[in-house]
Amino acid sequence: MDFRLNPEQSLIRQTVRDFAERELAPTAALRDEEERFDRALMFDRLAELGLTGIIFPESCGGAGADYLSYVLTVEELSKVCASTGVTLSAHISLAANPLYLFGTPAQQERFLLPLARGERLGAFALTETAAGSDAGGTRTSAVTDGDHWVLNGNKIFTTNGGEAETYIVFARSDKAAEKHHGISAFIVEKGTPGFTFGRKERKLGIRSSPTLELIFNDCRIPRGHLLGPPGEGFMVAMKTLEGGRIGIAAQALGIAQGAFAAALTYAREREQFGRPIATFEAIQFKFADMALQIEAARLLVYQAAWRADAGLPYGQESAMAKLFASETAVRVANEAVQIHGGYGYLRDYPVERMLRDARITEIYEGTSEIQRLIIGGAVVKG
Amino acid sequence: MKILVCIKQVPDLESRFKIAASGTWYAAEDLAWRLNEYDEYAVEEAVRLREASGEGELVVLSLGPERAGEAIRKALAMGADRGVHLLDPLSHDKDPRQIAGAIAEYARGEKFDVIFTGLQSQDRGSAQVGLLLAGLLALPAVTTIVAFSHEAGLVTVRRELEGGARAVVKVRLPALFTCQLGLNTPRYPTLPNIMKAKKKEVRTIAVTDLPQVAALVRTEKLAFPDKRGAGVVLEGATSEVADRLIAILKEKTTVLK
Ligand SMILES: Cc1cc2nc3c(=O)[nH]c(=O)nc-3n(C[C@H](O)[C@H](O)[C@H](O)COP(=O)(O)OP(=O)(O)OC[C@H]3O[C@@H](n4cnc5c(N)ncnc54)[C@H](O)[C@@H]3O)c2cc1C
């Protein structure tokens, strides 16, 4: 067993860290304030660095690196800007990865390649008003008409919505089938007639990541845009989310570390009662717990990534990693605000944003309750 | 064109430094390491020259302990063709003459047309290694360059002088240049290039296998500077504060003369 990064992994981490600190950090607070997605910075620059297709082979337009490199990348981005972290995580794990896992060679050539190269941005649309944790409740419909599928219905809460060119959309293709059966995955391109965008959500955190509603109104897509076997969309979604949870776990790990570092700097400088507050035992105990939780989260997240690289099953491990890292992010960011006292409650310090950003990691790609269902179910089943 | 770029791995300056038990250097434990900033300019300029000249070879060399291999990997990912690692676990105890001496032993046989180094290392800051290397190889050297152009064996550089003045220097190759902030904006190694660099050759040579060079300088003691008093805070109406600031600048500095 070796807990060290290999030379490529540490160089990737260093590169992304430099980029994040020099280019993302200066505008993170302002983009949050203005709820502004800066594509040139938050996606095009990542493409220039070769980060938009990290885990895919070169033949698919990727860099042929491993899951751990992907985790390190999302982690470093999220340390300074969680919105950029989720932009990349949704793009790679939720949009490009199902194409890699389930796409035909022709679909990969046409859709995966430009996503991996960063020429196009991807998004994933599963959630509906009546289908949140229960994706089996999907109502958006897909019916065949000659050489086309015709989609009708609405998707909500789509990360990268409006900005993305390529959407993985789930719809019920067999009305007669029960719940999880009869759902299929489709590839829909921005600009397809009948496909429009609804409202952009106004959020607590990750405010420079756009979250939009997608509206399908007799939207006709070619038959060849069915992704994976017909009626197996639920399986496609669940496999996709297994990988996605590693990305969100990495995002959460990054937020926790960003908040930790800010709190540490502050506590060393801030003096009360004639000495730095970091010298108070009560504050040191906070740091002890924060450091411990971050380290434990890191081991879980890296382990899940390692399992994915080793070709081992990782559904349960990615659920554990996501659950623990997201709860760690919220706890650590919360303590980081506490360590800042009143200043932590102001927009002037980054921990205020980090606490708001952390909260979503307990909700999307499966709430903490759902992660416990996954883990508990697997444990009891044995 | 055959190009050499000499680089060093240094601690991240954000690190919290402690003095080592020896008392003559900082403790290496718990530090994060990175490529010396000035060497990033050197690598970038070397890569640009290599790309512009098409043929030839760009060799990156570092003298240092095992971990210096990471800095070499970075330069390879930025575009160097192959690496040479002069392995020396005790490099932090060597003086600039010994470092330059070891590099010269290697470089002499290779007949480089151009050698780039950083102006100085961010940790020791002696700014000697490049110049000494040029001396040992009997090459002309131009230090502190902030612009570089090359045409048919003739290099034109701008170098930084005191007080912001610039000198233009023309020099025939072969020659050595030490690189200063402002020369260029170093590229990030892209992920695909990081992966490709894995396959590039890095030759490791133990410095103990090279002829030994005696030190000319010995570090007696390393100490933190005494704590300075807090800065002066000017308070009051803006115009009044501005007047006082101007007075202080006139009195204590040359910027308003
Ligand atoms: C900013 C943001 C970005 C998002 N991005 C995307 C995206 O890109 N693509 C996409 O498809 N979706 C996206 N989502 C949707 C997200 O995944 C869902 O919001 C999430 O899965 C929860 O669904 P819900 O909101 O309907 O909550 P509900 O499912 O209604 O849950 C409400 C509460 O009930 C609990 N609960 C539900 N079922 C159970 C159960 N069986 N046992 C115990 N507790 C239960 C939940 O844990 C939660 O606490 C995004 C959401 C947000 C806010």
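Numbers restart at 1 for each chain; the letters A, B, ... are given by sequence-line order, proteins then strands. Just so it is clear, the structure is predicted and the values come from calculations on it, not from any experiment.
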Tell me whether the count of non-hydrogen atoms from other residues, nucleotides or ligands lying under 6.0 Å of [atom1] in [X] goes above 12.
X	atom1	answer
A/Trp306	CH2	no
A/Glu119	CD	yes
B/Glu14	CD	no
B/Asp226	CG	no
B/Arg244	CZ	yes
B/Phe224	CZ	yes
B/Asp209	CG	yes
B/Glu201	CD	yes

Heavy atoms of B/Thr190 and A/Glu48 approach each other most closely as CG2-O, 3.4 Å

Here the pair of heavy atoms bringing A/Gly50 nearest to B/Pro192 is CA-CD, 3.7 Å

Checking side chain to side chain contact (heavy atoms under 4.5 Å, CB included) for the pair A/Glu8/B/Leu191: CA distance, chi angles, key distance, verdict?
CA-CA 9 Å; A/Glu8 289 72 39; B/Leu191 180 50; over 6 Å; no

Interface moiety of A/Arg22 toward chain B, non-hydrogen atoms closer than 4.5 Å =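 For A/Arg22, side-chain heavy atoms alone lie under 4.5 Å from chain B.
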
Does a side chain donor of either A/Gln14 or B/Tyr188 reach within less than 3.5 Å of an acceptor in the other side chain? no

Okay, B/Ala77 and chain A: the region with an atom under 4.5 Å from a heavy atom over there is side chain

Looking only at B/Arg73, B/Lys196, B/Glu70, most heavy-atom pairs under 4.5 Å shared with chain A are made by B/Arg73

If you tally heavy-atom pairs under 4.5 Å between each of B/Arg16, B/Lys74, B/Arg187 and chain A, the highest tally belongs to B/Arg16

_NZ-CG distance between B/Lys198 and A/Leu11, expressed to the nearest 0.5 angstrom_ =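 Going from NZ on B/Lys198 over to CG on A/Leu11, the span is 12.0 Å.
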
* What residue in A/Gly64, A/Ala63, A/Pro7 has the most heavy-atom pairs under 4.5 Å with chain B? ->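 Highest number of heavy-atom pairs under 4.5 Å: A/Ala63.
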
(request) Decide yes or no on side chain to side chain contact (heavy atoms under 4.5 Å, CB included) for B/Ile194 and A/Thr15, but give the supporting numbers first. (result) CA-CA 10 Å; B/Ile194 290 173; A/Thr15 301; 4.0 Å; yes

